[in-house]
Amino acid sequence: MQKTERWGSRIGVILAVMGSAIGLGNFLRFPGLAAKYEGGAFMIPYFIALLLLGLPIAWLEWSMGRYGGDKGYHSSPGIFRSLWKWKGSPYFGFLGLLVPVGIYMYYVFIEALCLYYAYLYLVNGLPEFNALAGGQPFTNLFANTTGSAADGSLFQHAHPILLFLFICYALNTGIIFKGLSKGIEIVTRIAIPLLFICAVIVLIRVLTLGTPDPTHFPDRNVLNGLGYMWNPEPRHMTFMESLLNAEMWMEAAGQVFFSLSVGFGVIITYSSYVRRNEDVVLSGTTSAAGNIFAEVALGGLITIPAAFIFLGSSGISDSTFALGFLTLPQVFQAMPLGHFFGFIWFFLLFLAAITSSLSMLQPAIAFFEEGLGMERKASVTFLGLITVLGTGFVAYFSHDNKGLDYMDFWVGTFAIYLLALLQVVVGAWVFGAEKAVDEANRGSLLKLPRWVAWIWRFVSPAFLIFVFVLWIQQKLEEKIDLFQSDVTMRLTVTFLVLLSVFFLILISTAMRRWQRQEKEDL
């Protein structure tokens, strides 16, 4: 196997994994779901999914990744080959390439959107900022920036967002060129603390707002805003009726996956670069704890309470996009020094986005290096050309943001579930749950109890299978109808199928190369 680099330090890999996990899902997606399911009631399935799915599968991925790294593999196809001796096992690793690469293709577009909004606030370039907008100008700004009026509108008018998209591509490529310890690790060491500082600044401002509009005293104050977010008292049904909502449980589990980067193919690759006796249990728990803190204690305390104070409960949207790019600009508009805090907020979102996007290409880069024998810069360049096609697809098919929405569903939800289920089955049933516990505990001060093996074998797969069957029952027919009626949906699925076939062909090539190397080593 060709020689690969390692992380420079334990704190480096923890911050890198934390950076991968802390993203727009923490500050926009999580508050949006909490608003959709009326606050505190959502937190019950959220924490249950965290304890039964998120943390256990994260520990499993850390253990599987380090084991594969000991065998000289750093990509999902290679790691699956080390865990599962069946000759066809690497083919199942294609999802570990498709998911992070597919998510990167549209995620970098949202990243550019955050940077563009931060720039507008910095230069006071929002024409609506000093006027009473009533929300409509912000709607127009968002529609123009995303090209939602018509397919191809961003290219027809050469919208400035394309320049910021180029900047984000250049930043990601330049940092990834430097490698793990000299690129990604250094950036996350700076970006993650800076991200937390920005979040605390905005949080302090929100918690000290009081009741900024005296005409709404005492209804719209900070305490009521926090109560709207956290009290388990649904306003349109009883508490027990809320807990029986199957869709809430599905979305809570999906949020945990998205938030912790479980099922992304990132943790299993990142952990393969740690040293042989690295404490993966402590590292996995620490990175997960930092992510949950960013999500619950920062994202949950900023977004919904701020919107409630200025706009009331009727002004809070449960859409991630609308909450971040339509509702919050109205909040900053009404807030004293709003242009400053608007800049801090969107710069925070940009930092969260870029630390996540940096991680999404490493699984494919590792595969190109070990499976195809490519040098890192050649791998990054090759992958950059592939991802430009996907990002261009999302930017062009922008009418009603369909290209982005369909990519997000099929890759960011559907494929993540499949990969998470596949990793649990391979780790717990093929590699062996007890063996995985022993692997995790090797060199660990924080030991996993033996009952974690039972969760890996039975609880996590049963939960995932139940969710998947429930989705088939409730949503499959709707998706089929949409596929038949919507051209953009058909193009999206076709694009992802072609990308999957491309990765499968490359895996076949890598398998022949690995077999030749093994014969030469005999």
Side-chain angles (χ1 to χ4, degrees), residues 23-24 28 102-131 133-174 317 319-330 332-333 338-339 342-343 345-354 356-357 360 384-408 412 486-489 491-492 495:
L24 300 176
L28 295 181
I103 292 176
Y104 179 87
M105 289 175 174
Y106 66 85
Y107 200 87
V108 73
F109 182 82
I110 308 174
E111 183 180 308
L113 195 63
C114 296
L115 183 61
Y116 180 57
Y117 268 66
Y119 166 77
L120 291 179
Y121 273 104
L122 181 65
V123 300
N124 202 16
L126 288 168
E128 309 83 3
F129 185 79
N130 294 315
Q136 189 59 37
F138 293 110
T139 303
N140 295 338
L141 174 65
F142 178 73
N144 292 334
T145 305
T146 58
S148 61
D151 289 340
S153 58
L154 293 178
F155 297 93
Q156 291 174 1
H157 304 290
H159 194 282
I161 189 64
L162 297 177
L163 172 62
F164 284 84
L165 185 58
F166 173 80
I167 292 172
C168 288
Y169 253 95
L171 284 173
N172 279 277
T173 302
S317 172
S319 164
T320 296
F321 264 144
L323 185 64
F325 296 96
L326 298 179
T327 302
L328 286 178
Q330 295 178 61
F332 294 129
Q333 182 189 27
H339 65 286
F343 165 73
W345 173 253
F346 282 105
F347 183 64
L348 152 70
L349 293 183
F350 167 72
L351 289 175
I354 195 168
S356 295
S357 62
M360 294 174 188
L385 295 175
I386 296 172
T387 54
V388 162
L389 294 175
T391 305
F393 178 92
V394 170
Y396 183 84
F397 291 100
S398 57
H399 180 55
D400 293 335
N401 299 312
K402 285 184 178 180
L404 191 152
D405 288 343
Y406 293 154
M407 287 281 284
D408 182 49
D486 193 302
V487 174
T488 304
M489 168 70 93
L491 290 174
T492 303
F495 176 78

inquiry  = Under a 3.5 Å distance rule, please check whether T391 uses its side chain to pair with a backbone N or O of M105 as donor and acceptor.
reply    = yes
ask   = Can you tell me if Y107 uses its side chain to pair, donor with acceptor, with the backbone of L24 under 3.5 Å?
value = yes
message = Quick check against the 3.5 Å criterion: does S148 have a side-chain atom that pairs as donor or acceptor with the backbone of S398?
response = no
task = Could you please spell out the steps behind the side-chain contact (heavy atoms from CB on, under 4.5 Å) verdict for Y116 and L163?
result = CA-CA 9 Å; Y116 180 57; L163 172 62; over 6 Å; no
task = Under the salt bridge (Lys or Arg N to Asp or Glu O under 4.0 Å) rule, collect the residues that match up with D400, sequence neighbours excluded.
result = none
key: Min side-chain heavy-atom separation N144-H157 under 4.5 Å   = no
ask   = Using the ring of each side chain (for Trp, its six-membered ring), is F332 parallel, tilted or perpendicular to F346, with breaks at 30° and 60°?
value = perpendicular
ask   = Are the side chains of F393 and L491 in touch, meaning some heavy atoms are under 4.5 Å apart?
value = yes
inquiry  = Testing the basics here: between E111 and I354, what is the closest heavy-atom pair and its distance to 0.1 Å?
reply    = OE1-CA, 3.4 Å
ask   = Rounded to the nearest 0.5 Å, how far does CZ of F495 lie from OG1 of T492?
value = 9.0 Å
Minimum heavy-atom distance between C168 and A112, given as atom pair plus value = SG-CA, 3.6 Å
inquiry  = Rounded to the nearest 0.5 Å, what separates atom CD1 in I167 from atom CG in N172?
reply    = 12.0 Å
request  = Kindly indicate whether the side chain of L171, heavy atoms from C-beta on, has any atom under 4.5 Å from the side chain of F350.
outcome  = yes
ask   = Would you find more than 12 non-hydrogen atoms of other residues, nucleotides or ligands less than 6.0 Å from Y396 atom OH?
value = no
message = Rounded at 0.5 Å granularity, tell me how far CG in N401 sits from OH in Y106.
response = 13.0 Å
key: Whether F325 and Y117 hold their rings parallel, tilted or perpendicular, with breakpoints at 30° and 60°   = perpendicular
ask   = Do the rings of F343 and F347 sit parallel, tilted or perpendicular, given the 30° and 60° boundaries?
value = parallel
With Y104 via side-chain hydrogen bond (donor to acceptor under 3.5 Å, both in side chains) - residues at least two apart = none
note = Shortest non-hydrogen pair, T146 vs L154, comes out as O-CD1, 3.9 Å
task = Side-chain contact test, heavy atoms from C-beta onward, threshold under 4.5 Å: evaluate it for M407 versus F109 and give yes or no.
result = no
key: CZ/F155: more than 12 non-hydrogen atoms of other groups inside 6.0 Å   = yes
key: Trace of the side-chain contact (heavy atoms from CB on, under 4.5 Å) decision for I110 with L404   = CA-CA 9 Å; I110 308 174; L404 191 152; 3.9 Å; yes
task = For the residue pair D486 and Y406, establish whether any side-chain heavy-atom pair is separated by less than 4.5 Å.
result = yes
inquiry  = Would you say that T387 contacts Y169 through its side chain, given a criterion of any heavy-atom pair below 4.5 Å between the two side chains?
reply    = yes
